[in-house]
**Q** 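For reference, the structure I am asking about is given below.
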Amino acid sequence: MQDPTTTGIHNHGNMKHPEAPAAPIQAPLEWDTPMYRLAVDQLDQAAEQMNLDPNIWERLRTPQRAHVVSFPFRRDDYHTVETVFAYRVQHMLTMGPTKGGIRYDEDVNLGEVTALAMWMSWKCAIMNLPFGGAKGGVRIDPHTLSSDELQRLTRRYTSEIIEVIGPDRDIPAPDLGTDERVMAWMMDTYSQQKGYAVPGVVTGKPIEIGGSYGRREATGRGVISCANEACRDLGRSFADSSVVVQGFGAVGSVAARLASNLGARVVAVSAVGGGAYNPNGLDIDAVEAWVKQNGEDLRGYPDGDAVTNQELLELPCDILIPAAIQNQITEKNAAALRCKMMVEGANGPTTLEADAILADRNIPVVPDILANAGGVTVSYFEWVQGVQQFFWSEEEVNRRLIDLMQSAYRSVDQVAKEKKVTLRTAALMRGIGRIKQAKHVRGVFP
Ligand code: NAD
C-alpha cells in the first residue's frame, strides 16, 4: 500500500498544492473532535488491514454534507427565548438515501454527529441495506423540556433541515433522547410543508401513521441476537449467562427484558443516575415499573445494591451490554472489567485504547456497528412496508430481523477468523468493502 503520509490520508483532507506556502497553523476541521477521531482511527485501522484504495480511504474520512443550524426556541414561560444549535450530517450518498437517528442531548456537537453518521454508513453496508449513513442532533437537555416545548423544538428543527431530508433523500429515526412522538411531529411538520402526508420521511413512527411492528424493540432484539450468536460461537450457553446492562432506555430496557425472557440472569441495570445490582438476578418487570414511578436513578431500587454507572461496568458477569452513551470503556477501566464478553448496544462506548486492552485480555467485543444494527434494519423494513403500503405482522418483522442479524454476525465472524482480526475490524472491513465496490462502479463525477 502507498505510504499514507504521501497521499494526504493523515492530513484530514487538508491537502495543499505542492507550491502553496506552508500555512503556519493548520485550521482544524469543524468536526474534528475526540469522537470523530475515534471513528476515523477505527476506519484507518480497518483500511490498513484491507489495503484499501487510498483515494476511497481519504474520501470516507469526511462527511459529504454537514449542516449546522441555529434557531430561536421559546420556553413555556413565553419570555425566555434561547438560541439552539442543531445538526444534520450526511456522511456518504453513494448507496441510496441516507439514514440515521436524531439525538437530543446537551453535549451533542458536529464532531459527535459526524462520527455517528460514519458509523451509520458502515452499519447499513454490513446489513446490506440500500442507505448511506447520516445522523442529526439538537444541543439541548430533553429532560428539561415540557411536552409542548419538546414539540415546538422538534417542529422548528424539522423546518430548519427540511430541504435536506425526505423519503428519497435522508430519513431520520429516533436515537438518544428522542422517540416515536418526536418522529410523529417530524413527519407531520414535513407533511404540512409539502401539502400531503409523507410517512416515509421518518422511521420509528407510531404504528397509527405507518410505523412498523417490532421497530421499538428492534435494536435491543438485535443486540440479544448477536449475544446469542457469540455465545454459540464460543460454545457457551446464553441462557446460563449473567448479564449486566448499562442504560435502561429504548435499547437497554429491551435488551434486559429479552435476555431475561431467554432465561439469562440480568444481575445489574442502570440509568443516568445510577444502577442496581443483585447477583441472584433482577426482576425486569419490577425494575421497569419502579423506573416509571421513580425516575432514572436506580440506586434507590429496593431489591438490589446501589452501584454507580462506573461500578456497574466492573461487576463480574458473562455478558456486559453498554447501552447508554459513548466513551464508557476507556484505558482507565478496561483492565478492571470482569465480563467474559461485551456486546455494544450504544454507539461508540469503547475507545481505541480500551479495545486493544480487551483484545489482549481475550474478551470478545461484538461491535456497535453490528450489534446495534437491528434498529436501522427494522427502520428499513418500515420504509419498505411504507413504500408498498403492505404491512407485516410482528412475527414476520422479528423473524426477518433475526435472520439478517444472524447472517450478518456469521459473515463478520468469518472475516474475523480468516483475517485473524477482532470482530470490530472485521465488521469495518465488511462494511467498508461493500462501499468501496459501490464507489468503484459508480466512478467519479464529472
Ligand atoms: P434512550 O434515550 O432511550 O435511553 C438512554 C439511556 O441511557 C437512559 O436509560 C438514560 O438514563 C441512560 N443514560 C443517559 N446518560 C447516561 C450516562 N451518562 N450514564 C449512564 N447512563 C446514561 O436512548 P437509546 O435510544 O436507548 O440509545 C442508547 C444508545 O444506543 C445510544 O448510544 C444510541 O446512539 C444507541 N442506539 C440507539 C438506537 C435506537 O434504535 N434507539 C439504535 C442504535 C443505537
**Q** Which pair of heavy atoms, one from Ala197 and one from Met187, lies closest together, and at what distance?
**A** CB-CE, 4.4 Å

**Q** Heavy atoms only: give me the nearest Ala324-Ala346 pair and the separation to one decimal.
**A**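 Here Ala324 and Ala346 meet closest at N-CB, 3.6 Å.
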
**Q** Sub-3.5 Å donor-acceptor pair from the side chain of Glu149 to the main-chain atoms of Asp76, do we have one?
**A** yes

**Q** Please round to the nearest 0.5 Å and tell me the distance separating atom OG of Ser407 and atom CE of Met127.
**A** 6.5 Å

**Q** Where is the tightest heavy-atom contact between Ser147 and Arg181, given as atom of each residue plus distance?
**A**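 Distance-wise, the nearest heavy atoms are OG-NH1, 3.7 Å.
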
**Q** Checking Cys231 against Met341 for the side-chain contact (heavy atoms from CB on, under 4.5 Å) test, could you report, in this order, the C-alpha distance in whole Å, the side-chain angles of both residues, the deciding distance, and whether it holds?
**A** CA-CA 9 Å; Cys231 282; Met341 168 200 307; 3.9 Å; yes

**Q** Scan Glu382, Lys205, Gln385 and name whichever one has a side chain to side chain donor-acceptor pair (under 3.5 Å) with Ser212.
**A**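 Only one option passes, and that is Gln385.
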
**Q** Can you confirm whether Glu163 is buried at CD, in the sense that more than 12 heavy atoms of other residues, nucleotides or ligands lie under 6.0 Å from that atom?
**A** no

**Q** Consider salt bridge (Lys or Arg N to Asp or Glu O under 4.0 Å). Of Arg88, Arg65, Lys135, which one does Asp170 pass it with?
**A**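 Of Arg88, Arg65, Lys135, salt bridge (Lys or Arg N to Asp or Glu O under 4.0 Å) with Asp170 is met by Arg88 alone.
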
**Q** Which value, rounded to the nearest 0.5 Å, describes the distance between Leu150 atom CG and Thr154 atom OG1?
**A** 4.5 Å

**Q** Are Phe71 and Ser159 close enough that some pair of their side-chain heavy atoms sits under 4.5 Å apart?
**A**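 Result no, sub-4.5 Å side-chain heavy-atom pair not found.
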
**Q** Would you find more than 12 non-hydrogen atoms of other residues, nucleotides or ligands less than 6.0 Å from Tyr213 atom OH?
**A**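 Counting other residues, nucleotides and ligands, OH of Tyr213 stays at 12 neighbours or fewer.
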
**Q** With rounding to the nearest 0.5 Å, note down the distance linking CD in Glu229 to CD1 in Ile224.
**A** 12.5 Å

**Q** Is there a donor-acceptor contact under 3.5 Å from the side chain of Ser121 to the main chain of Gly133?
**A**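 Flag set: sc Ser121 to bb Gly133 pair under 3.5 Å.
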
**Q** For Gln388, does the CD atom have more than 12 heavy-atom neighbours from other residues, nucleotides or ligands under 6.0 Å away?
**A** yes

**Q** Side chains of Lys123 and Asn347: closer than 4.5 Å at any heavy-atom pair?
**A**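 In contact.
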
**Q** Quick one: list whatever passes side chain to side chain contact (heavy atoms under 4.5 Å, CB included) with Ile325, sequence neighbours left out.
**A**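 Applying side chain to side chain contact (heavy atoms under 4.5 Å, CB included) to Ile325 gives Leu176, Gln328.
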
**Q** Take Thr425 and Gln49, measure what side-chain hydrogen bond (donor to acceptor under 3.5 Å, both in side chains) needs, and give me the verdict at the end.
**A** CA-CA 8 Å; Thr425 303; Gln49 288 276 349; 6.0 Å; no

**Q** Between His91 and Trp31, is the ring centroid distance below 6.0 Å?
**A** no

**Q** Are the charged groups of Arg410 and Asp233 less than 4.0 angstrom apart, N to O?
**A** no

**Q** For a quick test of reading the model, state the closest non-hydrogen atom pair linking Ile321 to Gly345 and the distance between them.
**A**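 Scanning both residues, the minimum pair turns out to be CG2-N, 4.3 Å.
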
**Q** Can you tell me which residue among Val376, Thr98, Thr203, Ile165 is in a side chain to side chain contact (heavy atoms under 4.5 Å, CB included) with Ile171?
**A**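 Considering Val376, Thr98, Thr203, Ile165, a side chain to side chain contact (heavy atoms under 4.5 Å, CB included) with Ile171 is found only for Thr203.
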
**Q** Taking side chain as C-beta onward, heavy atoms only, is Thr33 less than 4.5 Å from Glu112?
**A**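 No, their side chains stay 4.5 Å or more apart.
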
**Q** Please evaluate residues Tyr157 and Thr189 with respect to the criterion side-chain hydrogen bond (donor to acceptor under 3.5 Å, both in side chains), reporting the C-alpha separation (whole Å), side-chain torsions for both, the decisive distance (0.1 Å), and the verdict.
**A** CA-CA 10 Å; Tyr157 170 58; Thr189 306; over 6 Å; no

**Q** Can you tell me how the ring of Trp392 sits relative to the ring of Phe381, calling it parallel under 30°, perpendicular over 60° and tilted otherwise?
**A**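 If you compare the ring of Trp392 with that of Phe381, the planes turn out tilted.
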
**Q** What residues form a salt bridge (charged side-chain N to carboxylate O under 4.0 Å, His left out) with Arg221, not counting sequence neighbours?
**A** none

**Q** Distance from Ile161 atom CD1 to Tyr87 atom OH, nearest 0.5 Å?
**A**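 Going from the CD1 atom of Ile161 to the OH atom of Tyr87 covers 13.5 Å.
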
**Q** Could Asp148 and Arg74 be called an ion pair, given the rule that one side-chain N must be under 4.0 Å from one carboxylate O?
**A** no

**Q** Ignoring hydrogens and angles, write down the donor-acceptor pairs under 3.5 Å from the side chains of residues 438-446, residues two or more places apart or on other chains.
**A**
from   : atom 1 : to    : atom 2 : distance (Å)
Lys439 : NZ     : Thr94 : OG1    : 2.8
Arg442 : NH1    : Thr94 : O      : 2.8

**Q** Is there a side-chain contact between Leu38 and Trp119, using heavy atoms and a 4.5 Å cut-off?
**A**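 Yes - at least one pair of side-chain heavy atoms lies under 4.5 Å apart.
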
**Q** Test side-chain contact (heavy atoms from CB on, under 4.5 Å) on Val365 and Leu423 and set out the steps.
**A** CA-CA 7 Å; Val365 177; Leu423 285 170; over 6 Å; no

**Q** Is there a side-chain contact (heavy atoms from CB on, under 4.5 Å) between Gln45 and Leu428 once you walk through the steps?
**A** CA-CA 9 Å; Gln45 266 189 3; Leu428 286 158; 6.0 Å; no

**Q** Mind checking whether Ile102 and Met186 have side chains closer than 4.5 Å, heavy atoms only?
**A** yes

**Q** Please list, chain by chain and in numerical order, all residues satisfying side chain to side chain contact (heavy atoms under 4.5 Å, CB included) with Ala427, sequence neighbours excluded.
**A** Ile126, Pro367, Ile369, Val412

**Q** Measure the spacing between CG of Leu153 and CD of Glu82 and express it to the nearest 0.5 Å.
**A** 9.0 Å

**Q** Nearest 0.5 Å, what's the OH-NE2 distance between Tyr104 and His143?
**A**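 Taking OH in Tyr104 and NE2 in His143, the distance rounds to 13.5 Å.
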
**Q** Do Arg232 and Phe238 have side chains that get closer than 4.5 Å, going by heavy atoms?
**A**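 Not in contact.
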
**Q** Are Gln42 and Met118 close enough that some pair of their side-chain heavy atoms sits under 4.5 Å apart?
**A**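 Side-chain contact under 4.5 Å: no.
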
**Q** Take atom CZ of Arg216 as the centre, draw a 6.0 Å sphere, and report whether it contains more than 12 heavy atoms from other residues, nucleotides or ligands.
**A**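 No - once you tally the heavy atoms of other residues, nucleotides and ligands closer than 6.0 Å, there are 12 at most.
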
**Q** Please tabulate, for side-chain N and O atoms in residues 247-263, each donor-acceptor pair with protein atoms closer than 3.5 Å (sequence neighbours left out).
**A**
from   : atom 1 : to     : atom 2 : distance (Å)
Ser253 : OG     : Gly249 : O      : 2.7
Arg257 : NH1    : Asp285 : OD1    : 3.1
Arg257 : NH2    : Asp285 : OD1    : 2.7
Arg257 : NH2    : Glu288 : OE1    : 2.6

**Q** What's the verdict on side-chain hydrogen bond (donor to acceptor under 3.5 Å, both in side chains) for Asp77 and His79, showing C-alpha distance, side-chain angles and the deciding distance?
**A** CA-CA 6 Å; Asp77 67 16; His79 296 295; over 6 Å; no

**Q** Are any non-hydrogen side-chain atoms of Arg215 and Val397 less than 4.5 angstrom apart?
**A**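 Side-chain contact under 4.5 Å: no.
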
**Q** Considering non-hydrogen atoms only, spot the tightest contact between Ser379 and Ala173 and give its length.
**A** OG-CB, 4.1 Å

**Q** Keeping to residues at least two apart or across chains, list the salt bridge (Lys or Arg N to Asp or Glu O under 4.0 Å) pairs with something in residues 183-199.
**A** Arg155-Asp188

**Q** Asn109 vs Phe85, test: side-chain contact (heavy atoms from CB on, under 4.5 Å). Steps then yes/no.
**A** CA-CA 9 Å; Asn109 58 58; Phe85 294 100; over 6 Å; no

**Q** Could you go through Gln90 and Gln64, starting from their C-alpha distance and side-chain angles, then the distance that decides it, and tell me whether this counts as side-chain hydrogen bond (donor to acceptor under 3.5 Å, both in side chains)?
**A** CA-CA 6 Å; Gln90 297 162 349; Gln64 192 160 341; over 6 Å; no

**Q** Search all heavy atoms of Ala218 against all heavy atoms of Leu401 and return the closest pair with its distance.
**A**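 Residues Ala218 and Leu401, closest heavy atoms: O-CD2, 3.7 Å.
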
**Q** Got a salt bridge between Arg299 and Asp297, using NZ or NE/NH1/NH2 to carboxylate O under 4.0 Å?
**A**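 Salt bridge flag = yes for Asp297 with Arg299.
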
